Amino acid sequence: MTVTASASLHPFLDGVPKRLLIDGNWVESASGKTFPSINPSTGEEIAQIAEGDSRDIDTAVAAARRAFEGPWGTFTPRDRQNVLLKLADLIEAKAEELRLLDVIDMGTPIGKDNVQGAAIQAADLLRYFAGWATKIHGETVQNSAPGSFFSYTLKEPVGVCGSIIPWNGPFPGTLGKMAPVLATGCTMVLKPAEQACLAPLRIGELLSELDLPPGVVNIVTGFGETAGVALTAHPGVDKVAFTGSSFTGQEIVRAAAGNLKRVSLELGGKSPDIIFADADLDAAVPGAGMGVFRNAGQICCAGTRVYVQRPIYDEFVSRVSEFADSLRVGNSLDPETQIGPIVSQAQLDRVTGYLDIGKEEGARPTAGGARLVEGDLAKGYFVPPTVFADVKDEMRIANEEIFGPVASVLPFDDIDEVARRANLTQFGLGGGVWTRDVGKAHRIAHSIKTGMVWVNAYGQMDPSMPLVGVKMSGWGSELSVHSLDEYLNIKAVWINTAV
Ligand code: NAI
Ligand code: MG
């Protein structure tokens, strides 16, 4: 693929509607206001996006309700399966373009692995959920109630969903929220993150090629404090599915209390990655390194607390620092780039703030450590892969989610100690363990209080496996069969067979 160096000239941008998708139509926002979308590699404005607010949320929720109670309800499971399969084909055909929108909108590197990988994964995700559409069922239950009762359960769609996504993967994030909605027969109002709306809007446009009744999928771009709050507090919304920070997750739970809508949350983390002295360091160094640095560290399950057993601590620190220094940081449109920019000026300030905090706390930077300000990179929001050695459990950089390419490396002595220390966090999303000893691997996998654990690997995902957190990392599962229940109500039906 040939791409221009200047994203503002990119032809794909013209194909993205910059309005709101409500009831099957692209409409202006009620406020008439717009806000800029910035390419974080250059700081350039690349588009103006419609600024939806509570009025637009009201109309979108009403449209989603009409669709739910109207034509969409007549779709059989097989019809919904076919919608998802057709969407998968459309997405597969356009995946390169969609991925490119993430490249210029949020800074994911364009490299072959990212682009082609995304094409396959996005279509796979939709086909996986297409399969479930025809396999949703209740059960007959042999009850012991006095009398003579036949009883069974039904699984019914929850209704209108408010789906709120973050900016760190808008293309896959949109489909991750849309797939279970369509599989279960719900309808949705999607609120993309204000930092990266282009791929969600382009996906919205592709929906017009499906035989989807208007209002099944609505997309309202806008800010969290206005459009997001309106959606989560809306009495006409039956469920909120949210991915983002734990702080906003708490706000959403409070807002949802008004009508006690159902809530599923995929939140932040400070995931431990534990490296034993017997680990294969040739695998562990790049594995744990990319476990932190991939997507410039802007991944919910990044393994940012790297615990290394004392005998190999110094060697690991020096090797992972060398690895960090070897990664190519650059414009996300450059095919050689391995680490792109941080999404926005605000996030850049947050990440560089933590670099200062780490140094003040006495941690020792052994790679990276400061924003890149040389040449062209000065215009974008670039932070090089950073390693802090000599980190202590109580330091802020060992406890707070930085959401940048920053690894905190901590020494440990034995398995019981590290199992305890790995759990010294409010979060519980991912966890990794690197060892050649299968017993140790299982002990850590069981003792660690997280939703996901990887052994001699880090960060693998598949539609068939739950993406799930405990503690302040979330409620309920994304992906996998378990995510369906987040979109379904269970109904108990009793039939008196004696009358
Ligand atoms: P955020 O959680 O505030 O934003 C995520 C989404 O929620 C966006 O669509 C936003 O518009 C919306 N939102 C914000 N406030 C809302 C509210 N009160 N009600 C309803 N919707 C609301 O995250 P933000 O501010 O972009 O990033 C701050 C930090 O959050 C990051 O540094 C990172 O630590 C964490 N984060 C974690 C993510 C994850 O995948 N776990 C993703 C994004 C951010
Ligand atoms: Mg942007």
Side-chain angles (χ1 to χ4, degrees), residues 35 37-38 40 49 51-54 57 105-107 161-170 172-174 176-177 189-197 199-200 219-234 237 240-258 261 263-271 294-304 342-354 381 383 396-397 399-406 426-430 450-452 459 461 467-469 471-475 478:
F35 62 92
S37 177
I38 306 290
I49 307 289
E51 186 185 327
D53 63 21
S54 62
I57 292 291
D105 205 8
M106 70 88 30
C161 300
S163 305
I164 300 179
I165 55 170
W167 39 262
N168 56 340
T174 299
K177 290 283 187 279
V189 177
L190 176 74
K191 212 296 282 168
E194 49 271 40
Q195 297 84 351
C197 300
I219 303 178
V220 178
T221 48
F223 294 102
E225 311 82 76
T226 48
V229 167
L231 189 57
T232 53
H234 204 292
V237 172
V240 169
F242 173 72
T243 302
S245 64
S246 298
F247 175 82
T248 300
Q250 290 173 306
E251 298 280 303
I252 285 173
V253 169
R254 278 188 278 270
K261 56 175 67 69
V263 177
S264 56
L265 304 168
E266 201 265 281
L267 307 175
K270 193 74 193 177
S271 300
R294 182 171 287 114
N295 213 30
Q298 302 166 113
I299 293 190
C300 52
C301 59
T304 47
I342 302 294
V343 70
S344 65
Q345 180 70 51
Q347 282 296 120
L348 176 72
D349 294 345
R350 207 183 135 98
V351 174
T352 52
Y354 277 107
Y381 314 133
V383 173
R396 284 181 66 190
I397 58 164
N399 288 283
E400 296 171 21
E401 184 173 51
I402 299 175
F403 231 60
V406 184
Q426 57 184 337
F427 298 112
L429 197 54
T450 63
M452 297 169 286
M461 298 269 169
L467 166 51
V468 58
K471 296 159 78 178
M472 284 193 61
S473 293
W475 285 356
E478 299 252 319

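This structure is a prediction, so every number in the text was calculated from the model and none was measured. As the structure lists them, so they are numbered: ligands from 1, and atoms in each ligand from 1. FYI, side chains are in, hydrogens and waters are out, and symmetry mates aren't considered; it's all heavy atoms of this structure.
With rounding to the nearest 0.5 angstrom, the CD atom of Glu401 is 8.0 Å from the OG atom of Ser245.
The proximity of Val229 to ligand 1, defined as any non-hydrogen pair under 4.0 Å, involves the side chain as well as the backbone. The side chain of Asn168, and not its backbone, has at least one atom closer than 4.0 Å to an atom of ligand 1 (non-hydrogen atoms only; side chain from C-beta on). The residue Leu231 has no part lying near ligand 1, judged by heavy-atom distances below 4.0 Å.
Atoms of ligand 1 lying under 4.0 Å from at least one heavy atom of Leu267, given by number and element, are 41 (N). Annotation for ligand 1: atoms under 4.0 Å from non-hydrogen atoms of Gly268 are 41 (N). Residue Ile165 approaches ligand 1 through these ligand atoms, each under 4.0 Å from one of its heavy atoms: 6 (C), 8 (C), 9 (O). Per-residue contacts place Ile164 under 4.0 angstrom from the following atoms of ligand 1 (heavy atoms of the residue considered): 6 (C), 7 (O), 9 (O), 12 (C), 20 (C), 21 (N). For ligand 1, the atoms lying closer than 4.0 Å to a non-hydrogen atom of Pro166 are 42 (C), 43 (C). Each of the following atoms of ligand 1 lies closer than 4.0 Å to a heavy atom of Gln195: 26 (O). Residue Pro192 has at least one heavy-atom neighbour below 4.0 Å for each of these atoms of ligand 1: 9 (O). For ligand 1, the atoms sitting less than 4.0 Å from at least one non-hydrogen atom of Ala193 are 8 (C), 9 (O), numbered in the order shown with element in parentheses.
Among protein heavy atoms, atom 7 (O) of ligand 1 sits closest to Phe242 CE1, 3.2 Å. Closest to atom 30 (O) of ligand 1 among all protein heavy atoms lies Ser245 CB, 2.9 Å. Nearest protein neighbour of atom 13 (N) of ligand 1, counting heavy atoms only, is Gly224 CA, 3.4 Å. Regarding atom 15 (N) of ligand 1, its nearest protein heavy-atom neighbour is Thr248 CG2, 3.4 Å. Here the protein heavy atom with the shortest distance to atom 10 (C) of ligand 1 is Glu194 OE1, 3.5 Å. Of the protein's heavy atoms, Glu401 OE1, 2.8 Å lies nearest to atom 34 (O) of ligand 1. In terms of protein heavy atoms, atom 28 (C) of ligand 1 is closest to Gln347 OE1, 3.5 Å. Atom 38 (C) of ligand 1 has Phe403 CZ, 3.3 Å as its closest protein atom, hydrogens excluded (heavy atom only).
With a 4.5 Å cut-off on side-chain heavy atoms, Glu266 and Leu467 count as touching. A 4.5 Å side-chain heavy-atom check between Leu231 and Val237 finds at least one atom pair inside the cut-off. Looking at Cys301 and Ile299, their side chains come closer than 4.5 Å, going by heavy atoms from C-beta outward.
For atom 40 (O) of ligand 1, the nearest protein heavy atom lies under 4.0 Å away. Under the 4.0 angstrom criterion, atom 25 (O) of ligand 1 counts as lacking any protein heavy-atom contact.
Side chains of Tyr354 and Glu400: a donor on one and an acceptor on the other come within 3.5 Å. A side-chain donor-acceptor contact under 3.5 Å links Lys177 and Thr243. Asp105 and Ser37 are linked by a side-chain donor-acceptor pair at a separation below 3.5 angstrom, with hydrogens and angles left out of the test.
Residue Gln298 places every heavy atom at 4.0 Å or more from ligand 1. Contact between Phe247 and ligand 1 is absent, with no heavy atom of the residue lying under 4.0 Å from the ligand.
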Pair Val253-Leu265, side-chain contact (heavy atoms from CB on, under 4.5 Å): steps then yes or no:
CA-CA 9 Å; Val253 169; Leu265 304 168; 3.8 Å; yes
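Annotation: Arg350 places an N or O atom under 3.5 Å from an N or O atom of ligand 1; distance criterion only.
With hydrogens and angles ignored, the 3.5 Å screen pairs no side-chain donor or acceptor of Lys270 with any backbone N or O of Gln426. A donor-acceptor contact shorter than 3.5 Å is absent between the side chain of Thr450 and the backbone of Gly428. Between the side chain of Ser246 and the main chain of Ser473, no donor-acceptor pair closer than 3.5 Å is present. Proximity of a side-chain donor or acceptor of Asp53 to a complementary backbone N or O of Ala227 within less than 3.5 Å is not detected. Lys261 contributes a side-chain N or O that, together with a main-chain N or O of Thr232, makes up a donor-acceptor pair within less than 3.5 Å.
Between Trp167 and Phe403, the ring planes are perpendicular. Angles over 60° get that label, and only those under 30° would be called parallel.
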